[in-house]
Amino acid sequence: MPVHHRVLKTELAIFDLPEDLPSEDQALLEVARQATANSYSPYSNFKVGAAVRLTNGQIISGSNQENIAYPSGLCAESICMFAAGAQFPEEAVVALAVTTVSGSTESEDLVTPCGLCRQVIAEYSSRHGSPVRILMQGRQGPVVVVPDIQSLLPLMFEHGTLKKND
Ligand code: THU
């Protein structure tokens, strides 16, 4: 390995026992799980729920909403982030939880935000200048936690890049 380079590492915390998480994280995941009940997913049959906690303590939940024109649908995470921005523009999102009730009953496969949702989360994080803690779980099993969107979207295109062009 040549010495003249630097290494960018991403850290993920894996909670094998969800009950080891702080209680407010567990509560947010539970709201996300309940939100799957409102998933409109007749095309994929994959029910995703998400929930965000704001700086004022408010919790907003959302679920995936699909469309016969497939790309017109939206993921649970983006719906949550946009709802937060639309209803509470002054509040930053402190944490986001995402999970599913779909898949086999044994499945521990994680639901993780897609690329588009990562970009949406990044925008709100930059806008408020504060990190969004992200909790991800499958139908059951371990919860993976990252402290901010940088961990899921390293080297993201940020506000500062455009400003340098002024
Ligand atoms: N989906 C989400 O809502 N969030 C994710 O993190 C992964 C995917 C939705 C989109 C679509 O409605 C269905 O799950 C299958 O991709």
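Indexing begins at 1, ligand by ligand and atom by atom, following the structure's order.
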Could you identify the single nearest non-hydrogen protein atom to [atom] and state the distance to 0.1 Å?
{"atom": "atom 12 (O) of ligand 1", "value": "E66 OE2, 2.5 Å"}
{"atom": "atom 9 (C) of ligand 1", "value": "N64 ND2, 3.6 Å"}
{"atom": "atom 10 (C) of ligand 1", "value": "C75 SG, 3.9 Å"}
{"atom": "atom 3 (O) of ligand 1", "value": "A76 N, 2.9 Å"}
{"atom": "atom 5 (C) of ligand 1", "value": "E77 OE2, 3.4 Å"}

Is it true that a side-chain atom of [X] and a backbone atom of [Y] form a donor plus acceptor pair closer than 3.5 Å?
{"X": "S102", "Y": "K47", "value": "yes"}
{"X": "Q137", "Y": "V143", "value": "no"}
{"X": "T55", "Y": "A92", "value": "yes"}

Classify the angle between the aromatic ring planes of H128 and Y124 as parallel (below 30°), tilted (30 to 60°) or perpendicular (above 60°).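 Because their plane-to-plane angle is under 30°, the rings of H128 and Y124 count as parallel.
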Proximal atoms of ligand 1 relative to [X] (non-hydrogen, under 4.0 Å):
{"X": "F46", "value": "14 (O)"}
{"X": "V111", "value": "5 (C), 6 (O)"}
{"X": "S44", "value": "13 (C), 15 (C)"}

Is any NZ, NE, NH1 or NH2 atom of the basic residue among R139 and D109 found under 4.0 Å from an Asp or Glu carboxylate oxygen of the other?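 Judged by the 4.0 Å cut-off on N to carboxylate O distance, R139 and D109 do not form a salt bridge.
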Please determine whether a side-chain nitrogen of the Lys or Arg among R53 and E24 lies less than 4.0 Å from a carboxylate oxygen of the Asp or Glu. yes
Quick one: does S41 get within less than 4.0 Å of ligand 1, heavy atoms only? no
Test E91 against every option in I60, V52, L54 by the side-chain contact (heavy atoms from CB on, under 4.5 Å) rule and name the one that passes.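 Of the listed options, the one satisfying the test is L54.
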